[in-house]
Number of protein chains: 2
Amino acid sequence: MSKMPTVKDVAEYAGVSVGTVSRVLSGEAAVKPLLRERVNDAISALGYRPNVTARALRTSRTDVIGLVVPDITNPFFAQLAASVERAALECGHSLMLASSHNDSEAEQSHVSAFLDRSVRGIIVVASSDGSGLDLPASVPVISLDRRFGTFPLVSTNHAQAATLIADHLYGLGHRRIAYIAGPTDTEAGRMRKEAFVSRMDGFGKTGEPVELEIAYGRFDYESGERIARELLSYPPQDRPTAIAAASDQQAIGALRAARDLKIDVPRKLSVTGFDDISLANLVVPRLTTIRQPADMLARRAVSLLLEEPPGKGDEMVDGSLIVRGSSGPCPQPGASGRK
Amino acid sequence: MSKMPTVKDVAEYAGVSVGTVSRVLSGEAAVKPLLRERVNDAISALGYRPNVTARALRTSRTDVIGLVVPDITNPFFAQLAASVERAALECGHSLMLASSHNDSEAEQSHVSAFLDRSVRGIIVVASSDGSGLDLPASVPVISLDRRFGTFPLVSTNHAQAATLIADHLYGLGHRRIAYIAGPTDTEAGRMRKEAFVSRMDGFGKTGEPVELEIAYGRFDYESGERIARELLSYPPQDRPTAIAAASDQQAIGALRAARDLKIDVPRKLSVTGFDDISLANLVVPRLTTIRQPADMLARRAVSLLLEEPPGKGDEMVDGSLIVRGSSGPCPQPGASGRK
DNA sequence: CTGAAAGCGCTTACAG
DNA sequence: CTGAAAGCGCTTACAG
């Protein structure tokens, strides 16, 4: 292939200086219509495309937004990534996506790599409450969904959302409840759990007492399945009547465990999730969960990043309760055994 | 933040020329140990990091591999992306990921964007058999899983794998089978279907006849659910005893439909998928499917891309049959209705 | 409004 | 083995 044409070629072809070419390219500075037209003709005649690397070197700016997620294989993050890409595109920016495999070292090095490429800004969905960044960030950084270092956070209001689930289950009459929590080294995991627990404690004080058992795991299918299997191995009268999980994946794993143990959901056991991944509406039974407004979160994160000066304050977006088939009234004691 | 140090600063600090700094950076050229050490000291003292943009401009090369997938929200592509990232990292390269939302224009523009950034090479999982690229590609391009333009393809041997499924179902005694195909504008969709059909035709000629119905959809959950619902609405004696789907997502949708219609899988109906996404092992019943060796595919694609000269020939990797609970012997006629 | 020129931070022939 | 210098393709003060 022949070498790509440069501003110089365009300038020669159009009979102007490279400065003029650059000026019509930027669209900013005023250029006489005649010259502008000659330049544009030259550009299309030559099939010229600006060299973004040179431009970046000169201006130390690009239109790339870097996004790092803990694990692209997690459906919620995949959806979030798709939303961020759409939001970036809407603002005329493109997205570079990196997955850190839940490894905070990899996370660090991805962020550094973005910095090295002088991206316009970086959005990070932290893999854990790491120390954040030890490099000086020369571009804006926004935490999304989970806090990264001390950078501003855009996230669902985890506490409000967890409260919605607590109210739902308590309202259905459940008084022996298990909570499958997310990793304690993630803010999302902690906040969801604490809000859920404190709401239940509140009910316990003002109304009927609630037995609450808490188990900790990762956010994935396997954790949910393993933990639920354990919780459900108790004799029926000691077994929870509802399991609230900190993620849809955990909840789907719990559904799987219940199924294996032939425990009818929702008649004998209610299960709830968190995220509303697309699968939540497809499992059997369909999962009651919290919808996180991914599009909104993405748009807010991109906006904060691109604002001048970049946004400094945290932003919370409310989640909403989606009631489906996996949650129902607490089974009456003694009404079991109808096989 | 103060300006980042440059080779010039390092050179001054170490009392050498910038050329020497560059040479120790590259590690290639021989530099006297004494100077090398002084330069390295200067680098760490100053916290110097090479400017990759400048380097890219000068050499018109980077260590970035661009990957574009049709939809990052599809679990199979997410897994493939994770595998490609790992493979790239192993070779000292980093990954830029873009999702085309199944839009071939977006796909084109992502590829162009990569080209503009002078990436080391591009791997594309085509969203459809587009015209491929109309720009001159100045770097190697590899098609992964689905052919992009005329670029070399690394993929599972779709035909061999589809044959495995056909043999499995025929071997279980199924003679009235429905096939949920993928989009006909994807090579993967066509090849899987054709191999399945031709294998069944072969059985029909040498053994017992097979009734085969084919329905076309996208690769997603919804298509599978919708199509299966239709297929299963026939009266029991006309209904297929097995549904083979071109993707796990379709198969999981079909499972959902069967469940809604109270058709017992696998006793009344066998369902098979293709891909072996992590969910396949979690649905109820667990899904019989074809495992695509994502890690291997990813590694081969990266290798071909990085070879000098870049690989030119297609590569096929065999898939393997994973038998789980969703497939079983063909139900005996008349043995129904045991409610 | 336009051109000539400097410079972004590197790498790499070219001399020595 | 090392230094001085050119140049990658842009953008942007600086003159005019």
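Bear in mind that the values here come from a model prediction, so they are computed numbers and not experimental data. Just so we're on the same page: letters track the sequence lines, and every chain starts at 1.
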> For dG3(C), does either OP1 or OP2 sit under 4.0 Å from a side-chain N or O belonging to Thr20(A)?
Replying inline: yes
>> Counting only side-chain heavy atoms from C-beta out, which of dA13(C), dT2(C), dT11(D) sits nearest to Arg23(B)?
In response: dA13(C)
>> Pairing donors with acceptors under 3.5 angstrom, does anything connect the side chains of Asp295(B) and Ser83(B)?
In response: yes
> So what does Val16(B) hit on the nucleic acid, given a heavy-atom distance under 4.0 Å: a base, only sugar-phosphate, or nothing?
Replying inline: sugar-phosphate
> Taking all atoms of both residues into account, what is the closest heavy-atom pair of Ser127(B) and Asn102(B), and its distance?
Replying inline: CB-CA, 3.9 Å
>> Can you tell me which nucleotide in dG9(D), dC10(C), dC1(C) comes closest to the side chain of Tyr48(B)?
In response: dC10(C)
> Under 4.0 Å between a side-chain N/O of Ser17(A) and OP1 or OP2 of dG3(C), yes or no?
Replying inline: yes
> Rounded to the Å, how far apart are Arg117(B) CZ and dG9(D) C1'?
Replying inline: 15 Å
> In whole angstroms, how far is the C1' atom of dG3(C) from the CD atom of Glu12(A)?
Replying inline: 15 Å
> Could you give the CG-to-P distance, from Asp9(A) to dC10(D), as a whole number of Å?
Replying inline: 9 Å
> Given that both pair distances must be under 3.5 Å and the pair must be Watson-Crick or G-U, what runs of three or more consecutive pairs involve DNA chain D?
Replying inline: C:1-3 with D:14-16, C:5-12 with D:5-12, C:14-16 with D:1-3
> Could you state the NZ-P distance from Lys8(B) to dT11(C), rounded to the nearest angstrom?
Replying inline: 16 Å
> If we only count heavy atoms from C-beta on, is the Ser278(B) to Thr73(A) side-chain gap below 4.5 Å?
Replying inline: no
> Are any non-hydrogen side-chain atoms of Phe76(A) and Asp145(A) less than 4.5 angstrom apart?
Replying inline: yes
>> Expressed as a whole number of angstroms, how long is the span from Arg61(B):CZ to dC8(D):P?
In response: 18 Å
>> Does Glu37(A), at its CD atom, have more than 12 non-hydrogen atoms belonging to other residues, nucleotides or ligands within less than 6.0 Å?
In response: no
>> Taking atom CD as the centre, does Glu90(A) end up with more than 12 heavy-atom neighbours from other residues, nucleotides or ligands that are less than 6.0 angstrom away?
In response: yes
> Over how many whole Å does the gap from Glu37(A) atom CD to dT2(C) atom P extend?
Replying inline: 13 Å
> Quick one: on DNA chain D, does Val21(A) or Leu57(B) contact a more 5' nucleotide (nearest heavy atom)?
Replying inline: Leu57(B)
> Can you check whether Leu57(A) reaches Thr53(A) side chain to side chain, under 4.5 Å on heavy atoms?
Replying inline: no
> Which of these nucleotides, dT11(C), dC10(D), dG9(C), is closest to any side-chain atom of Arg55(A)?
Replying inline: dC10(D)
Show me, pair by pair, the donor-acceptor contacts under 3.5 angstrom made by side chains of residues 296-306 of chain A, not counting sequence neighbours?
unit_1: Arg300(A); atom_1: NE; unit_2: Glu315(A); atom_2: OE1; d: 2.8
unit_1: Arg300(A); atom_1: NH2; unit_2: Glu315(A); atom_2: OE2; d: 2.7
unit_1: Ser303(A); atom_1: OG; unit_2: Arg299(A); atom_2: O; d: 2.9

> Between the base of dG9(D) and the side chain of Arg58(B), is there any donor-acceptor pair under 3.5 Å?
Replying inline: no
> To the side chain of Ala54(B), which of dC10(D), dA5(D), dC10(C) is closest?
Replying inline: dC10(C)
>> If I take atom NZ in residue Lys32(A) and atom C1' in nucleotide dT2(C), what distance separates them, rounded to the nearest angstrom?
In response: 9 Å
> If you check every side-chain atom of Asn51(B), which of dC10(C), dT2(D), dG9(D) has the closest atom?
Replying inline: dC10(C)
>> From CZ of Arg38(A) over to C1' of dG3(C), roughly how many Å is that when rounded to an integer?
In response: 14 Å
>> Can you identify which nucleotide, out of dG9(D), dG3(D), dT11(C), has its nearest atom closest to the Ser22(B) side chain?
In response: dT11(C)
